[in-house]
Amino acid sequence: MAFVNLQNVTYKYPLTKTPVLQNINLQVNEGEFVAVMGPNGAGKSTLCYALAGFVPHFFKGEISGSIEVDGKKSSESTLDEWVLNVGLAFQNPFNQISGAKYTVFEEIAFGLENIGVPREEMKDRVDEAMSLTGISDLADRSPYSLSGGQQQRVALTSILVMRPRLLVLDEPTSQMDPIGTREVFGVVRKMAEEGMTVVMVEHKVEWIAHFADRVIALKEGRVFLEGKPNDVLTSDLLVENGFGISRYTSAAREAKKQGLWKKDKLPVTLFEAAEGFKP
Amino acid sequence: MKISINDLRFTYPAGVEALRGISLEINPGEQVAIVGQNGAGKTTLVRHFNGLLRPSSGSVWVGDWDTSKYSVAKLASRVGYVFQNPDEQLFSRDVLTEVAFGPKNLGYKKNKVDELVGCALALTELNDKTETNPYDLSPTWRKMVALASIIAMDTPIVIFDEPTTGQDAVNIARIANVIAEIKKEGKTVITITHDIDFCAENFERVIALSNGEVLLDGEAHDVLGREEILAKTYVDPPQLTRLGKALGLKETVINQEEFLNALK
Ligand SMILES: Nc1ncnc2c1ncn2[C@@H]1O[C@H](COP(=O)(O)OP(=O)(O)OP(=O)(O)O)[C@@H](O)[C@H]1O
Ligand SMILES: Nc1ncnc2c1ncn2[C@@H]1O[C@H](COP(=O)(O)OP(=O)(O)OP(=O)(O)O)[C@@H](O)[C@H]1O
Ligand SMILES: [Mg+2]
Ligand SMILES: [Mg+2]
């Protein structure tokens, strides 16, 4: 039985005329790292909200089908119960700072404090999480006086520190520097290996290919393609449907037309591209 | 219009030394990308160009104006700045009012305002959203509104702070097109970005900042090929530059055309 199980989920916000998610079926195993990609407005954030219980509990609207995490149905839980298992990092990190705390350390400890984690353990967990995301030296700073990427790291850290069983990340690296982005993917990969289940919305194809187990490509509220990163990310259907692809893939596709790429399969990663282009 | 930055230092009131002596000249009509790690000081730097921040020491000149002697409102006629977070920028009830606010405020005649707003909406493809409240749009479209409302001001210098964040391939192409159009008009475009492939494909000059200082500054090929130095500020070279290196190509290539030519 999959850890996350969405069956025929169709959902419409109170104000939208047509459904934003249409007949979504999605199973994710425990410890699996699934990346979700898609054009703007495809429904990626809405899918995150559905996994995190905000759809429909917070946003209301009309939903059909079923959403289960760890055998429990979202429709039979309250949002308060649900968030104990599922952590969501919002797409806009600027709105995620609680406003209740004076330092970055306290901001990250806030959630643990709320569930009554003892002081000592709390400190260890916060320190560990901050070092994972590279913000240890910001511990005493105000959570408001940070750069965009630093704020995003704080938002991400305050979710990671809770160690949710299902981690839902909505474009968690959108403000991050390139090497920091790669490191965050690495951290998420490691969390998955330790048993956390991860659903991560991302546009950065190269790192999806490197780190994720599976990719879901969403379009207009439906699952458009699904499968192993290398299969999905090299599909000819992506570009014409508004999806981004890696520069390796597009260069090889063009090179193929000119007889400079000889393999059947197109590359997504640097390694695959270098292998295929080697004389 | 030229920007001259002379030994610029800036320390935030809380004590963070964000800029530690920056000197740069940005010439009229240049297309400049600024890259560098989170917290390097990119946003802090460009906020000095339109007067949102004032130097702790050193100076920033925009044309013949010393920015420390001009108000933000005055500087708005020379420098347009699109915020990293659109929610700090947008305040109007609908998209049309938002986009028209800047040019109206600069005192342009109604005809000119209408023309500029029309162009900005067309370039960003917001024509079907003019009556929508920006806050009912998705964060990605809010960014496009923020962008439209600045380009409508028709300033000789335009600054984009992370314009491609969260945008899909179609919107990124739109933004690249906006930049190309502004360039044609002879304006200066300064763009902060973490998207190094986008940077390689759209900018002639790249400045890498690190810890409040200029780490590299030069022609895009020269800067983007320096893998080891860029790593100090957490930047990777573009994908095809890395591929070119892995294949042992002699020249630094930064985009697809150059890469394919080098293979032949
Ligand atoms: N709170 C809301 N009320 C009404 N409609 C909404 C709401 N949030 C999103 N929508 C609409 O639902 C659709 C899917 O939006 P969603 O934010 O899930 O897309 P996305 O794939 O995350 O897009 P992006 O890449 O822009 O973040 C869009 O048409 C959007 O306008
Ligand atoms: N309002 C503020 N008060 C105090 N310090 C600040 C403030 N804003 C930014 N800083 C600090 O100044 C330094 C430079 O920040 P800046 O926002 O310029 O970085 P950036 O290069 O734009 O980073 P990013 O890529 O994350 O957007 C950082 O150490 C940051 O924490
Ligand atoms: Mg979204
Ligand atoms: Mg910034």
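In what follows, every heavy atom counts, from backbone to side chain, and hydrogens, waters and symmetry copies are set aside.
Side-chain atoms of A:Lys204 do not come within 3.5 Å of backbone N or O of A:Glu171 as any donor-acceptor pair. Judged by distance alone, the side chain of B:Lys42 and the main-chain N or O of B:Gln37 form a donor-acceptor pair under 3.5 Å. The backbone N or O of A:Asn230 sits less than 3.5 Å from a side-chain atom of A:Lys265, completing a donor-acceptor pair.
Looking at B:Leu247, only its side chain comes within 4.5 Å of chain A, counting heavy atoms on both sides. Residue contact with chain B, scored on non-hydrogen atoms closer than 4.5 Å, involves the side chain of A:Asn92 exclusively. Contacts between B:Asp197 and chain A at a heavy-atom distance below 4.5 Å involve backbone atoms as well as side-chain atoms. Neither the backbone nor the side chain of A:Thr173 comes within less than 4.5 Å of any heavy atom in chain B. Heavy-atom distances place the side chain of B:Thr140, and not its backbone, under 4.5 Å from chain A. Contact of B:Phe259 with chain A is made through the side chain alone, with heavy-atom distances under 4.5 Å. Residue contact with chain A, scored on non-hydrogen atoms closer than 4.5 Å, is absent for B:Val35. Contacts of B:Ala40 with chain A are absent, with no heavy-atom separation under 4.5 Å from either backbone or side chain. For a residue to count as touching a neighbouring chain, one of its non-hydrogen atoms must lie under 4.5 Å from one of that chain's; by this rule B:Ala14 does not touch chain A. If you measure heavy-atom distances from A:Tyr248 to chain B, the contacts under 4.5 Å come from both the backbone and the side chain. Only the side chain of B:Gln256 comes within less than 4.5 Å of a heavy atom of chain A; its backbone N, CA, C and O stay farther away. Heavy-atom distances place no part of B:Asn255 under 4.5 Å from chain A, backbone and side chain included.
The residue among A:Gln150, A:Glu254, A:His203 with the most heavy atom pairs within less than 4.5 Å of chain B is A:His203. If you tally non-hydrogen atom pairs under 4.5 Å between each of A:Ser246, A:Ala251, A:Gly244, A:Pro279 and chain B, the highest count goes to A:Ala251. Interface summary for chain B: among A:Glu202, A:Lys278, A:Met176, A:Glu183, the most heavy-atom pairs under 4.5 angstrom belong to A:Met176. Each of B:Glu257, B:Gln84, B:Glu88 has some count of heavy-atom pairs under 4.5 Å with chain A, and the biggest count is that of B:Gln84.
Ring-plane geometry between A:Tyr49 and A:Phe90 is classed as tilted, the angle between the planes lying from 30 to 60 degrees on a 0 to 90 degree scale. Relative orientation of the A:Trp207 and A:Phe211 rings is tilted, given thresholds of 30° and 60° on the angle between their planes.
The pair B:Lys129-B:Asp94 fails the salt-bridge criterion, with no side-chain N (NZ, NE, NH1 or NH2) lying under 4.0 Å from an Asp/Glu carboxylate O.
Within a 6.0 Å radius of CD in A:Glu220, no more than 12 heavy atoms belonging to other residues, nucleotides or ligands are found.
Two rings, from B:His48 and B:Phe10, have their centers less than 6.0 Å apart. Proximity of the aromatic rings of B:Phe49 and B:Tyr81 is defined here by a centroid distance below 6.0 angstrom, and this criterion is not met.
Proximity to chain A at a heavy-atom threshold of 4.5 Å picks out B:Thr165, B:Gly166, B:Gln167, B:Asp168, B:Ala169, B:Val170 from residues 158-170 of chain B, in numerical order.
In terms of heavy atoms, B:Tyr135 sits closest to B:Leu90 at OH-O, 3.2 Å.
Test B:Leu230, B:Leu224, B:Thr241, B:Asp236 against B:Ile196 for side-chain contact (heavy atoms from CB on, under 4.5 Å) and you get one pass: B:Leu224.
If you check the side chains of B:Lys264 and A:Gln258, you find a donor sitting under 3.5 Å from an acceptor. There is a side-chain donor-acceptor pair under 3.5 Å between B:Arg174 and B:Asn171. Defined by atom type and a distance below 3.5 Å, a donor-acceptor pair is missing between the side-chain atoms of A:Ser174 and A:Gln91.
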